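If you're wondering where the values come from, they're calculated on a predicted model, not measured in any experiment.
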Amino acid sequence: MSFDVVISGGRVLDGTGAPPYRADVGIAGDRVEAVGRLDGAAARTVIDATGRLVAPGFVDCHAHGDAAVFDPAVQRAALRQGVTTFVLGQDGLSFAPGSAETVAYASRYFAAVNGSLKRDEGPLTVGELLGGYDRAVALNTAYLLPHGTIRYDVMGASPAPAGPDHLAAMLRHVERGLSEGAVGLSSGLEYLPGRHAGADELAALCAPLGGLPYVTHMRAYGDRAGVGMAEVVDIARRSGAAVHVSHLHGPADVLLPLVDEALAQGVDLTFDTYPYLRGNTILAMVVLPSEVPGAEPDRALAMIASSVLDDHWPTLDAVWPRLTVSHAPGLEWAEGMTMVAAAERAGMRPADFCRRLLTETRLEAGVVSARPDEGPQGEESVRRMLRHPSQTGGSDGIYVGGHPHPRGFGAFARFLGRHVRELGDWTWEQAAVHLAAHPARRFWLADRGLLRRGFAADVVVFDPAAVTDRATYEAPREPAEGVGDVLVSGVPVLAGGELTGATPGRALRP
């Protein structure tokens, strides 16, 4: 027997749900060639996995690495958690497909989330975007068609319902994007312009998915999640689409019955969660009322500067202490400070500093937001949500700004270190299902998610006693520990916890 790589002496988590078992993994080219005892096998590279677990590479079902994935520091942050695939195009907003104006809009409106893609100005197709990722980074990438980007390309910032001609144009985008390799359709129904779309429009655009998922940032979460979930179920029924709910967080007593009811009605539903209680998004979405046209910065900024919102700002007094500035171009000194502390340093009231922050960043500011359910009850809800069989892992990682949420640097290591080793919410074999096999199935990545002969050799080798997250709200960019070796398509991309410099990541198509 001869292989390019042999991972020897470890215990294998193959992703099927089987308990870890002693086996070697032989890799030839970009494929797993053998899983078993390979005593005496020849290999150009041998990785000693004694005392460690060997698992299929993890799939981050919700990552905002659309621009950041080109940054080696972000690749290192993901790989040191065992993540080998980012699913991009989340929340209905990303860079393709669309005209140069649409690409500019998506870059500007979601700058605090997705960052900016360095490229020549001009239109961008899904195929071109995927081509830019392919073999240019150490991670695999998969891409969801962003509904809001498509709607903007067809209708601009208009809040009007989509007419027949609009729907026909949007459907052409969806059909072409699917033919070029998209793994589903995403929506962001609390963002613009996705907020303006009704269930009729979304169901029509889901019809061509053919079993690929409709991935949605719902219209309502938390105590109002019933509103959002009812719309999800309605869209699924009308279109026949599988559905995947993004970052489903909040009281488990409210959310889990909604999930189970949808499943009982025959809806093919999954969801992702991350193991934290705070969120991270654009400041404008958190603090501005719906009548402010956030998709049109000049009009929005004129309203912010006027007296139109004078009665609105006092309603946010309880919100200011829960907001920490994560991204503030031009006001970087405020990053990492609460809105209250930053306002005090500026000698202003929080509302006035918020208006300054929105104005000087042209609505590009981002914040980490503490939820009202923080505390023991919120922690218990997180644990109950991740134990549900429909759950998959997603970091919702944002890498923009000087002080982002720690989830992009620690979520998957926290799943393993805290929720498997310390709390026992999953067994190790369940972790491999939730973080690798289950998401690979959901996005039709047919040769990923399992350690099995013939499958792509995306492999993570980690120490179950040492794997842990180090990123905190105070120091959010600290890389995780305990993942020493990672291969993508059979190529070592992380060795001894450090990047090898190889960029074998593929743009994955369903």
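- Atom CZ of R44 sits in a sparse spot, with 12 or fewer heavy atoms from other residues, nucleotides or ligands closer than 6.0 Å.
- Checking side-chain atoms of T503 against main-chain N and O of A138 turns up no donor-acceptor pair under 3.5 Å.
- Heavy atoms only, all atoms of each residue included: A437 and G15 are closest at CB-O, 3.2 Å.
- The heavy-atom pair separating G394 from D272 by the smallest distance is N-CB, 4.1 Å.
- Between G449 and A440, the closest heavy-atom pair is CA-CB, 3.9 Å.
- Using a 4.5 Å cut-off on side-chain heavy atoms (C-beta onward), V461 and V486 make no contact.
- Among residues at least two apart or in separate chains, side chain to side chain donor-acceptor pair (under 3.5 Å) pairs with a member in residues 440-451 are R31-D447, D268-R442, T270-R442, R448-D458.
- Looking at heavy atoms from C-beta onward, V54 lies out of side-chain contact with V460 at the 4.5 angstrom threshold.
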Walk me through it: do S489 and D30 pass the test side chain to side chain donor-acceptor pair (under 3.5 Å)? CA-CA 4 Å; S489 293; D30 64 354; 5.1 Å; no
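- Screening L178, L130, V183 against R509 for a side chain to side chain contact (heavy atoms under 4.5 Å, CB included) leaves a single residue, L130.
- With hydrogens and angles ignored, the 3.5 Å screen pairs no side-chain donor or acceptor of D4 with any backbone N or O of A43.
- With contacts defined as side-chain heavy-atom distances shorter than 4.5 Å, the pair V59/L435 does not qualify.
- Applying the ring-ring contact (aromatic ring centres under 6.0 Å, His included) criterion to F409, with sequence neighbours excluded, gives Y399.
- A donor-acceptor pair is defined here as one N or O able to donate and one able to accept, closer than 3.5 Å; such a pair exists between the side chain of H249 and the backbone of Y274.
- With a 4.5 Å cut-off on side-chain heavy atoms, I27 and V25 count as touching.
- Under a 3.5 Å cut-off, the side chain of Q391 and the backbone N or O of F271 do not form any donor-acceptor pair.
- Applying the salt bridge (charged side-chain N to carboxylate O under 4.0 Å, His left out) test to every pair with at least one member in residues 245-255, sequence neighbours left out, gives these pairs: D253-R384.
- Summarising the geometry of G496 relative to D485, their closest heavy-atom pair is N-OD1, 3.8 Å, with the distance given to 0.1 Å.
- For D223, the CG atom counts as loosely surrounded, since its 6.0 Å shell holds 12 or fewer non-hydrogen atoms of other residues, nucleotides or ligands.
- Side-chain contact check for S326 versus I398: every heavy-atom pair is 4.5 Å or farther apart.
- Taking the salt bridge (Lys or Arg N to Asp or Glu O under 4.0 Å) definition, one finds that D260 meets it with nothing, sequence neighbours left out.
- Distance alone, capped at 3.5 Å, is enough to place a donor-acceptor pair between the E128 side chain and the T125 backbone.
- The side-chain contact (heavy atoms from CB on, under 4.5 Å) search around E429 returns L13, P19, P20, T427, not counting sequence neighbours.
- Every residue two or more places apart in sequence or in another chain that forms a ring-ring contact (aromatic ring centres under 6.0 Å, His included) with H247 is listed here: H62, H217, Y221.
- Partners of F70 by side-chain contact (heavy atoms from CB on, under 4.5 Å), not counting sequence neighbours, listed by chain and number: L117, Y133, A136, V137.
- Looking at Q75, its side chain never comes within 3.5 Å of a backbone N or O of L139 through a donor-acceptor pair.
- Residues satisfying the salt bridge (Lys or Arg N to Asp or Glu O under 4.0 Å) criterion with D469, sequence neighbours excluded, are R414.
- Going from atom CG of L386 over to atom CG of L248 covers 12.0 Å, rounded to the nearest 0.5 Å.
- Contact check for V286 versus L323: side-chain heavy atoms found under the 4.5 Å cut-off.
- Looking only at distances, no side-chain donor or acceptor of T149 sits under 3.5 Å from a matching main-chain atom of F95.
- A donor-acceptor contact under 3.5 angstrom links the side chains of Y214 and S187, judged on distance only.
- Looking only at side-chain heavy atoms (C-beta outward), T468 and R421 come within less than 4.5 Å of each other.
- How far CG of L263 is from CG of L258: 11.0 Å, rounded to the nearest 0.5 Å.
- Note that OG of S381 and CG of L255 are 7.5 Å apart. Values are rounded to the nearest 0.5 Å.
- S179 is linked by a side-chain contact (heavy atoms from CB on, under 4.5 Å) to R176, counting only residues two or more places apart in sequence or in another chain.
- Between S246 and V215, the closest side-chain pair of non-hydrogen atoms falls below 4.5 Å.
- G490 and P492 get closest at one heavy-atom pair: O-CD, 3.8 Å.
- The CZ atom of F58 sits 8.5 Å away from atom OG1 of T84, with the distance rounded to the nearest 0.5 Å.
- Taking CD from Q377 and CG from L277, the interatomic distance works out to 10.5 Å, rounded to the nearest 0.5 Å.
- Ion pairing between E33 and R453 holds under the 4.0 Å rule for side-chain N and carboxylate O.
- Applying the salt bridge (charged side-chain N to carboxylate O under 4.0 Å, His left out) test to residues at least two apart or on different chains, the pairs with a partner in residues 387-396 are E380-R387, R387-D425, D396-R407.
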Checking T281 against Y191 for the side chain to side chain donor-acceptor pair (under 3.5 Å) test, could you report, in this order, the C-alpha distance in whole Å, the side-chain angles of both residues, the deciding distance, and whether it holds? CA-CA 10 Å; T281 188; Y191 295 112; 2.6 Å; yes
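- Side-chain contact check for D66 and S94: at least one donor-acceptor pair (N or O, by modelled atom type) lies under 3.5 Å.
- Looking at E481, its side chain never comes within 3.5 Å of a backbone N or O of V467 through a donor-acceptor pair.
- Of all heavy-atom pairs between I7 and A49, the closest is CG2-CB, 3.8 Å.
- Here the side chain of E498 pairs no donor or acceptor atom with the backbone of L494 at under 3.5 angstrom.
- For F86 and H64, the ring centers are positioned 6.0 Å apart or more.
- Taking CG from L202 and CD1 from I235, the interatomic distance works out to 4.5 Å, rounded to the nearest 0.5 Å.
- Note on residues 424-443: pairs passing ring pair (Phe, Tyr, Trp, His ring centres under 6.0 Å), not counting sequence neighbours, are H244-F443, F415-W426, W426-H434, W428-F462.
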Step by step, work out the ring-ring contact (aromatic ring centres under 6.0 Å, His included) result for Y473 and H405. CA-CA 6 Å; Y473 292 114; H405 195 295; 5.3 Å; yes
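- For the residue pair S395 and D60, a side-chain donor N or O sits within less than 3.5 Å of a side-chain acceptor on the partner.
- P479 pairs by the side-chain contact (heavy atoms from CB on, under 4.5 Å) definition with R76, R80, R470, not counting sequence neighbours.
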Test L88 against L144 for side-chain contact (heavy atoms from CB on, under 4.5 Å), laying out the working first. CA-CA 6 Å; L88 307 173; L144 297 163; over 6 Å; no
